[in-house]
Amino acid sequence: MGVDRSIEVHYDEEERPARALTGRIGAFVSIVAFGVALLVLAQVFRPLAQGSQFYLIIFLAGTLPLVFLAYSSGFEKRGSGPTWIDLVLAGLTLIVCLYPVNPFTGGYNAFLDRQGLLEPVDVAFGAVLLLLVVEACRRTTGWALPVVCAIFLGYAYYGGLLPQHWPVAHAGLDFAQIVDALYNSGSGFYGTPLDVAATYIVLFTIYGAVLDLSGASRFFVDLSVAAFRRSRSAAGRTAVAAGFLLGTVSGSGTATAVSVGAVTWPMLRKAGYPREQAGGMLAAAGVGAILSPPTLGAAAFIVAEYLNVSYLTVLGWAMIPTVLYYLGILLAVEIDVRRFGVRPLSYSGASAWRLLGRFGYHFSSLVLIVVLLALGESATRSVVYATLLAGALSFLDRQTWLTPRRAFEALAAGVRSVLPVVAVCAAAGIITATTTKTGLGAQLASLLVNAAQAVSDNPTVVLGLTVVLAAFALALLGLAVPVTASFIIGWVIIGPALLTLGVPAPAAAMFVFYYSVLSEVTPPTALAAVGASAITGGRAIPTMWQALKYALPAFLAPIAFVLTDNGEHLLARGSVVGVLWTTAVAALAVFGLAVATGGWVLGVGPAGVVSRVLAAVAGLLLLYLEPVAVGIGVGVLALAVVLAALGRRDPVIAEAAPGISDLSDPIPRRSS
């Protein structure tokens with residue numbers, strides 16, 4: 001059965017859909033992107049002598065102008081190419097980006113010497129760049145983040161007019177001071193977010209493009225299909241496994257959900273999955289790609305940079321939460337098989353072992369990244385070496401040779417993929433610079449803690465309320481802005497509040513990271529669910545709620561990180577015994593939550609209302625990870641299972657599949 005490739009899907013991952021550029025403009029953008037890729041690769045081994053900020057200036061000058069060519073303003077006819085206004089904006093962006101290094105005003109060093117004492121022409125160029133960064137952000141992500149940036153700028157300028165007894169009041173900044181903080185400091189446009197985008201994220205997008213062109217994406221899907229073959233859960237397991245594997249290539253939740261859905265929806269439909277149920281599963285599997293090692297989402301690199309730890313350390317923190325997340329999804333898949341009477345599928349393609357023997361080399365570059373990181377190699381060099389290996393291994397399959405032309409396309413595509421992240425990170429510099437200059441982050445953190453203390457003086461209650469308020473605030477923030485920006489804003493506001501209450505920095509950072517990522521499955525926006533519903537034809541809102549059901553463990557596990565000292569064991573921090581017992585308890589909690597949301601106890605049968613409520617209570621108690629709560633939680637969960645067993649009327653409800661649905665070679669096979 002072939003896959004219908006004619007479906008046109010428009011979705012938003014970290015960005016709005018880019019233009020399909022052709023002709024001279026398309027060639028120009030590809031050539032410039034290729035040049036930027038060469039600069040990025042050279043920077044890994046031979047950094048520019050003038051330093052990191054000089055490199056960021058050149059990088060921004062090479063990428064930001066491309067945004068105006070590659071992304072529509074939204075005001076012209078859909079599908080049209082760049083207008084003369086776009087060309088003017090691209091040229092103007094190049095000029096103002098390169099202004100700090102131009103020799104006519106003394107060059108780069110002279111520009112730095114004017115920090116805090118900018119001349120009027122410096123302020124003018126900085127103001128123009130500010131407007132262009134905000135417009136680039138609007139084109140790639142919509143209006144939400146530019147509006148947030150405008151609010152922060154307004155606060156920086158007018159904050160001095162607020163009553164000085166207000167906690168958020170400050171002395172006020174004039175326009176020149178604001179521009180100076182953005183244009184000529186390490187905390188504005190050229191701050192940590194852009195540094196991470198230009199140093200780490202772009203290398204991983206290049207790696208993903210090379211891995212994709214080398215045939216890895218098709219292999220991952222083929223392997224996922226072949227691995228489960230005639231299992232009744234084959235279709236669901238395939239979608240989840242393909243989402244996990246493809247996430248190593250795309251690094252985007254929505255993109256992964258759509259890519260996997262285009263291939264696996266025909267299987268899910270033939271197996272008998274309802275449209276909304278299948279869409280929710282695809283969305284949750286896609287978002288799991290951002291949460292899963294070895295290539296987490298872009299915000300994970302910012303976590304490493306903010307906390308001054310290696311990327312391998314962040315991968316280690318993410319291991320157990322990833323296992324818990326996919327355990328929750330797989331339990332939900334198994335429950336759905338029984339609830340909806342899903343049919344097994346016959347598959348006549350190559351076996352998983354044969355595929356692994358022929359194309360298993362695609363895993364080599366992923367393994368190499370982890371091995372090199374473990375040996376102490378930097379993340380940047382590790383991913384470059386992995387990219388070179390993926391390119392070399394492409395020659396093992398005649399159909400995927402990475403010829404010079406295809407290598408050019410991969411490098412250019414990698415840089416084009418990072419354009420919306422560049423716009424977001426440059427705009428995020430507005431937020432970080434404002435909070436740094438005004439002290440806003442500490443003031444908002446204080447307000448958050450004070451709000452919790454107004455309810456109770458008990459430290460445990462204060463922490464719990466602060467965590468709930470923080471989770472709610474991050475969820476709302478994620479509805480409006482992309483994941484990367486959501487993490488940056490959340491860290492400068494929520495992070496200090498958690499740290500003030502004694503939460504360890506790794507737990508606080510991962511708490512903010514997970515809630516930033518989960519905005520992609522949070523109604524009413526839930527971009528991954530919207531993309532998946534476009535594939536399945538299901539209703540968007542019900543699909544969002546189904547996605548929320550599948551992703552529920554990921555919403556609750558981060559709270560466990562910060563509520564108790566034992567919660568930090570879920571980040572693989574602490575004694576081996578502590579890590580093992582907390583992982584086991586958390587897995588039991590995930591089982592309880594799966595029973596509560598799915599209404600089924602595996603091996604027993606349907607769960608009634610009382611059993612589901614008890615299972616939910618048990619899951620929450622178990623996630624508190626304190627001995628007394630764990631003991632009570634185990635007892636309540638056991639009671640839920642017993643009641644489900646006693647209340648079962650028909651032990652074979654939906655257990656007998658109505659037949660085997662033929663799935664004759666659902667994925668086009670390659671020649672070996």
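Every heavy atom of this structure was used, including side-chain atoms; hydrogens, water molecules and symmetry mates were not. Residue numbers run from 1 in the order of the sequence given. A quick note: this is a predicted structure, and the numbers were derived from the prediction, not measured.
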*asked:* Which heavy atom of Leu268 sits nearest to which heavy atom of Ala239, and what is that distance?
replied: CD1-CB, 4.4 Å

*Kindly say whether Ala198 contributes a backbone atom to a donor-acceptor pair with the side chain of Tyr55 at under 3.5 angstrom?*
yes

_Whether Glu409 and Arg406 form a salt bridge (side-chain N of Lys/Arg under 4.0 Å from carboxylate O of Asp/Glu) is what I want to check._
no

_Closest contact, heavy atoms only, Leu393 versus Ser364_ = CD1-CB, 3.8 Å

*asked:* To the nearest 0.5 Å, what is the distance between OG on Ser394 and CG on Asp212?
replied: 12.0 Å

*Nearest 0.5 Å, what's the OG1-CD distance between Thr199 and Gln43?*
7.0 Å

*State whether the side chain of Thr205 and the backbone N or O of Ser417 hold a donor-acceptor pair below 3.5 Å, judged by distance alone.*
no

*With side chains defined as the heavy atoms from C-beta onward, is the minimum distance between Ile206 and Val202 less than 4.5 Å?*
yes

*With rounding to the nearest 0.5 Å, note down the distance linking CZ in Phe189 to CD1 in Ile430.*
5.0 Å

*Under 30°, 30 to 60°, or over 60°: which ring-plane class applies to Phe359 and Phe219, parallel, tilted or perpendicular?*
tilted

*Stepwise, does the side chain to side chain contact (heavy atoms under 4.5 Å, CB included) test hold for Phe301 with Val314?*
CA-CA 8 Å; Phe301 299 98; Val314 179; over 6 Å; no

*Test side chain to side chain contact (heavy atoms under 4.5 Å, CB included) applied to Phe363 and Leu366, step by step*: CA-CA 5 Å; Phe363 287 113; Leu366 293 168; 4.3 Å; yes

*Please name all residues satisfying side-chain hydrogen bond (donor to acceptor under 3.5 Å, both in side chains) with Ser365, sequence neighbours left out, ordered by chain then number.*
Tyr207

*Flag the pair Leu92 / Phe68 as yes when at least one side-chain heavy-atom distance between them is below 4.5 Å, and no otherwise.*
no

*Which of parallel (below 30°), tilted (30 to 60°) and perpendicular (above 60°) describes Phe45 and Tyr385?*
tilted

_For Arg138, is there any backbone N or O sitting under 3.5 Å from a side-chain donor or acceptor partner on Thr141?_
no

*In sequence, state the C-alpha distance, the side-chain angles, and the governing distance for Leu56 and Leu60, and then conclude on side chain to side chain contact (heavy atoms under 4.5 Å, CB included).*
CA-CA 6 Å; Leu56 294 180; Leu60 191 65; over 6 Å; no

*Which distance, rounded to the nearest 0.5 Å, do you find between the CG of Leu315 and the OG of Ser310?*
8.0 Å

*Looking only at non-hydrogen atoms, find the nearest pair between Ala33 and Val415 and report the distance.*
O-CG2, 3.3 Å

_Going by side chain to side chain contact (heavy atoms under 4.5 Å, CB included), Leu64 matches just one of Leu89, Thr93, Leu194, Leu94. Which one?_
Thr93

*Looking at side-chain heavy atoms only, is the closest gap between Val44 and Leu203 below 4.5 Å?*
yes

*Trp491 side chain near Ile302 side chain, heavy-atom distance below 4.5 Å*: no

*Working to the nearest 0.5 Å, report the span between CG of Leu69 and CZ of Arg139.*
9.0 Å

*Is the shortest heavy-atom distance from the side chain of Leu411 to the side chain of Leu41 under 4.5 Å?*
yes

*For the residue pair His362 and Phe220, categorise the inter-ring angle as parallel (less than 30°), tilted (30 to 60°) or perpendicular (more than 60°).*
perpendicular

*For Ala70 against Leu419, the heavy-atom pair lying closest together*: CB-CD1, 4.2 Å

*Straight-line distance of Leu223 CG to Leu355 CG, nearest 0.5 Å*: 6.5 Å

*Shortest non-hydrogen contact from Thr140 to Ala423?*
OG1-CB, 3.7 Å

*Side chains of Val333 and Met281 in contact at under 4.5 Å (non-hydrogen atoms)*: yes

*Side-chain touch Thr400/Leu213, heavy atoms, less than 4.5 angstrom*: no

Atom pairs and distances, side-chain donor-acceptor, residues 95-103, under 3.5 Å, sequence neighbours left out:
unit_1	atom_1	unit_2	atom_2	d
Tyr99	OH	Asp122	OD1	2.4
Asn102	OD1	Phe104	N	2.9
Asn102	OD1	Thr105	N	3.2
Asn102	ND2	Tyr99	O	2.4
Asn102	ND2	Thr105	OG1	3.2

*Which atom of Ala509 lies closest to which atom of Val303, heavy atoms considered*: CB-CG1, 4.1 Å

*Mind running side chain to side chain contact (heavy atoms under 4.5 Å, CB included) on Val29 and Arg416 for me, showing each step along the way?*
CA-CA 9 Å; Val29 169; Arg416 282 197 60 176; 4.0 Å; yes

*Would you confirm whether Tyr325, through its side chain, and Ala284, through its main-chain N or O, come within 3.5 Å as a donor-acceptor pair?*
yes

_Between Tyr514 and Val517, is there a side-chain heavy-atom distance shorter than 4.5 Å?_
no

*asked:* Less than 6.0 angstrom separating the ring centers of Phe561 and Phe511, yes or no?
replied: no

*Could you tell me whether Phe111 and Tyr183 have their ring centroids closer than 6.0 angstrom?*
yes

*Within the 6.0 Å centroid threshold, strictly below: Tyr311 and Phe204*: yes

